[in-house]
Every structure is written in structure tokens, then in C-alpha cells.
Amino acid sequence: MSDFRVNPAPQNDAPGAMLGRVIVSMVLFLGGLVLIGIGATADPAIAPFVFTGGILATCLAFGLPMIGASKG
């Protein structure tokens, strides 16, 4: 028989911090989608900036949960 064991994942964050990070990520994602939509129909002078802000907010929403993640 093999002596295979799985090491438990370390718990670095408190559950409240993880829940807060998920909620902030969801708000950033939805806000980013709204900004993308507004940027698509906004005044042509500000549309590129609003659209780019929406893209950045959406990217940040995907990157925020990865804080503290480690390979291994």
C-alpha cells in the first residue's frame, strides 16, 4: 500500500475577510459591467475613459480574490 497523504490547505484569512473580499469583488465586477455599458453609449469625449475604467474594474474584480494565494 502507498503512504499517500494530502496536506491540509493553510487557513491564512479569517472567514469574515474572505467574505468581504468576495463581496467587494462582486461589486467591482458588476460596477465594471455597468461602466462598460455606460461607456458604450456615453458622450464620445468621455466614452473611452469610462469604458477603460469598466475594463480595469472588471479585471481588478478577478484579481482581488487571488491576494494571498500561493502555488503549492
Side-chain angles (χ1 to χ4, degrees):
M1 287 264 141
S2 66
D3 191 23
F4 180 76
R5 292 187 183 148
V6 176
N7 294 329
Q11 295 294 332
N12 296 335
D13 292 336
M18 188 180 304
L19 179 63
R21 195 180 306 153
V22 169
I23 291 172
V24 169
S25 294
M26 183 62 70
V27 169
L28 274 172
F29 179 74
L30 294 175
L33 292 179
V34 168
L35 285 174
I36 290 170
I38 291 171
T41 60
D43 180 30
I46 63 167
F49 303 109
V50 176
F51 188 83
T52 303
I55 294 290
L56 292 175
T58 305
C59 291
L60 183 61
F62 280 104
L64 189 62
M66 298 304 291
I67 293 175
S70 63
K71 182 179 178 181

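Each residue takes its place number in the sequence, starting with 1.
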Output the distance between atom OG1 (Thr41) and atom CD1 (Ile36), rounded to the nearest 0.5 Å. 12.5 Å

Could you tell me whether the side chain of Val22 reaches within less than 4.5 Å of the side chain of Met26, counting heavy atoms only? no

Shortest non-hydrogen separation from Leu64 to Leu28 and the atoms involved: CD2-CD1, 4.4 Å

For Val34, all residues meeting side chain to side chain contact (heavy atoms under 4.5 Å, CB included), sequence neighbours excluded: Ile38

Which donor-acceptor pairs under 3.5 Å do the side chains of residues 54-62 make with protein atoms, sequence neighbours left out?
residue: Thr58; atom: OG1; partner: Gly54; partner atom: O; Å: 2.8

